[in-house]
Amino acid sequence: MTDTTTLTPTVGAQTVDQKRLLLTAIPGPESLARQARREAAVPQGVGTVLPVFVDRMSGGIVVDVDGNQLIDLASGIAVTSVGATHPSVVGRVHDQVDRFSHTCFLVTEYDGFIEVADTLNRLTPGTHAKKTMLFSTGAEAVENAVKIARSATKRPAVITFGHAYHGRTLMTMTMTAKNAPYKDGFGPFAPEVYRAPLAYPYRWGTSPERCAQEALADLNDLVLKQIGAHNVAAIVIEPIQGEGGFIVPPPGYLAGVQAIANAHGIVFVADEVQTGIGRTGAMFASEHAGIVPDLVVTAKALGGGLPLSAVTGRAELMDAVHPGGLGGTYSGNPIACAAALGVFEAIEHDHLLERAREIGDLITRRLRAIADECPWIGEVRGIGAMQAVEFIVPGSLEPSPEATAAVAAFCHRSGVLALTCGTYGNVVRMLPPLVITDDLLDDALSVFADACRSLS
Ligand SMILES: *Cc1c(COP(=O)(O)O)cnc(C)c1O
């Protein structure tokens, strides 16, 4: 095991004790006092998982304005994988902000941008020549992957999958599968986006092998019969689906999707926005499936909390776009690039890939034991520090968003910040920062076990 005592993080000079601590109800009076102002100033369309205001964060702990210490199983949705205050990130950000905050890379250049691009070119799967363009958000990078694929292939169509999540802009919202809350009332949507069923072993009703074969046959049919392969620019897939329910595809499926893309000159795009940068115990989840995407999209954990995203891919594809065709005022902002270099350093220095695998083993072991005793749990799944529990009505396959909400609420009341997800709203996901201690994780999972026991 990694010696987690060396991971005890600090905020400035202040050490945050890595312990869960409840001083008030959650949310506490200080958080509640701020809610009215929030409601007056910010539209209701912005959902909040837990209406608690944060004072500071460190390691696996979120300290709220009432002094409560919550265990972080969210990492700000897989963003602060190296912790929200890792010294490698904080130090580089301080240094950069002292020198300059912004030039716009389209105006004048700086080293940090090139260093991040070089690093991604080196770390993404495959030894072919690669280039990287940086952007600010995940959705923006997915949109640009589509632009690059269309420009390189001179074809219009984009294929996505059931349960997919790719963002909230017009194109990425169109590519996203779930209507409410992401799409409802926001149409008309972008044209030339098609959807294949996703191989979702738990809900397919056959063996994982058959699930993979049948889902690939569906995709082949969509490509060849419904759209025409010569019209398809890109197939875009999350190697493990995030918002859609942490769906891990069956063995052979992703390689099969890649084979279909390769056979027809279609650009194969892996959306690694949630899975990438160490979360699954490999730098990229694509590695677990042995696939080598033509384009890899990263964001979330890449900037360690600062807005940074990237498209990394085959040099000839990336160079297909005419000069001036890619950009954005904030693309690859220098402070965000400094943070990303700190993230890469932290992952290497603190052995966080290994740590993600240990966290995955620990969570899986505990969750399997909990599942054995809880009839509401249909499946435990995930890879590395990206783990989830799917809740069902006992004795059936029927999703239970009610049980899921009850478990999440129990966790929140008890000081454990767990998130839900899934097309059916029936999945609790665990995305702890990779610097969390075993003791904190154990404590969080004990709370989760109590939450499951409370469903009778
Ligand atoms: C979060 C997410 C996005 C969108 O990223 P934003 O930074 O919120 O625009 C895209 N794809 C996946 C897989 C994601 O999890």
Side-chain angles (χ1 to χ4, degrees), residues 1-5 7-9 16-28 49-50 52 57-64 66-75 78 80-81 83 246 279 281 355-392 394 400 402-421 426-456:
M1 289 297 256
T2 305
D3 177 9
T4 49
T5 57
L7 301 178
T8 303
V16 176
D17 193 14
Q18 295 294 298
K19 286 225 160 51
R20 182 166 61 105
L21 177 67
L22 294 181
L23 300 179
T24 70
I26 307 287
V49 172
L50 184 58
V52 153
M57 289 166 71
S58 181
I61 289 289
V62 176
V63 186
D64 75 10
D66 289 286
N68 299 301
Q69 300 197 171
L70 317 181
I71 303 177
D72 186 6
L73 294 186
S75 301
T80 52
S81 291
F246 278 33
R279 173 55 50 188
R355 183 65 191 146
R357 294 192 286 270
E358 287 173 0
I359 288 170
D361 290 345
L362 194 156
I363 296 180
T364 311
R365 207 178 330 117
R366 293 286 311 270
L367 288 182
R368 294 249 158 89
I370 295 167
D372 284 344
E373 300 188 343
C374 178
W376 296 84
I377 295 182
E379 190 177 51
V380 172
R381 58 175 178 252
I383 302 182
M386 184 170 184
Q387 295 287 336
V389 177
E390 176 158 356
F391 287 90
I392 41 121
S400 181
E402 297 81 10
T404 311
V407 166
F410 186 108
C411 289
H412 297 165
R413 276 199 304 280
S414 312
V416 174
L417 182 47
L419 303 177
T420 61
C421 64
N426 68 326
V427 177
V428 171
R429 56 176 155 174
M430 300 187 181
L431 292 164
L434 307 179
V435 292
I436 196 169
T437 63
D438 282 357
D439 285 351
L440 266 189
L441 208 48
D442 259 325
D443 186 26
L445 287 159
S446 296
V447 169
F448 183 81
D450 290 342
C452 292
R453 259 178 237 121
S454 77
L455 303 166
S456 50

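No experiment lies behind these values; they were computed from the predicted model shown.
- Residues passing the side chain to side chain contact (heavy atoms under 4.5 Å, CB included) test with Ala449 are Ile370, Arg453, sequence neighbours excluded.
- Side-chain atoms of His412 and Val52, non-hydrogen and from C-beta on, never get closer than 4.5 Å to each other.
- Listed by chain and number, the residues in a side chain to side chain contact (heavy atoms under 4.5 Å, CB included) with Leu419 are Val49, Ala74, Ile77, Arg429 (sequence neighbours excluded).
- Of all the heavy atoms in Cys411 and Ala451, the pair that sits closest is SG-CB, 4.3 Å.
- Contact of the Ile392 side chain with the Ser400 side chain is not registered, since no non-hydrogen atoms from C-beta on lie closer than 4.5 Å.
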Test salt bridge (Lys or Arg N to Asp or Glu O under 4.0 Å) applied to Arg366 and Asp442, step by step: CA-CA 8 Å; Arg366 293 286 311 270; Asp442 259 325; 2.8 Å; yes

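- The closest side-chain heavy-atom distance from Val62 to Met57 is below 4.5 Å.
- To the nearest 0.5 Å, the span separating CG on Leu431 from CD on Gln387 amounts to 10.0 Å.
- Residue Arg20 holds its CZ atom at 8.5 Å from OG of Ser446, rounded to the nearest 0.5 Å.
- In this structure, Val380 and Ala371 approach most closely via the heavy-atom pair CG2-CB, 4.0 Å.
- Considering Asp64, Asn68, Asp66 in turn, Asn68 is the only one that fulfils the side chain to side chain donor-acceptor pair (under 3.5 Å) rule with Thr24.
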Stepwise side chain to side chain contact (heavy atoms under 4.5 Å, CB included) check, Glu358 with Leu362: CA-CA 6 Å; Glu358 287 173 0; Leu362 194 156; over 6 Å; no

Trace of the side chain to side chain contact (heavy atoms under 4.5 Å, CB included) decision for Met430 with Leu441: CA-CA 10 Å; Met430 300 187 181; Leu441 208 48; over 6 Å; no

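- Atom CG of Leu70 sits about 6.5 Å away from atom CG of Leu417, to the nearest 0.5 Å.
- Counting heavy atoms from C-beta on, the side chains of Leu455 and Phe391 come closer than 4.5 Å.
- To the nearest 0.5 angstrom, Arg279 atom CZ is 8.0 Å from Met386 atom CE.
- Closest of all the heavy-atom pairs between Leu23 and Gly67 is CD1-O, 3.6 Å.
- Summarising the geometry, atom CG belonging to Asp438 is positioned 12.5 Å from atom CD belonging to Gln18; distances are rounded to the nearest 0.5 Å.
- Considering only heavy atoms from C-beta on, Asp450 stays 4.5 Å or farther from Ser414 through its side chain.
- When all heavy atoms of Leu434 and Ala356 are compared, the closest pair comes out as CD2-CB, 3.9 Å.
- Here the shortest heavy-atom pairing between Pro432 and Ala385 reads CD-O, 3.9 Å.
- Here the side chains of Leu73 and Phe448 are not in contact, with every heavy-atom distance at 4.5 Å or above.
- In this structure, OG1 in Thr364 is found 13.5 Å from CZ in Arg357, a value given to the nearest 0.5 Å.
- For the residue pair Ile436 and Asp72, the shortest heavy atom distance occurs at CD1-O, 4.1 Å.
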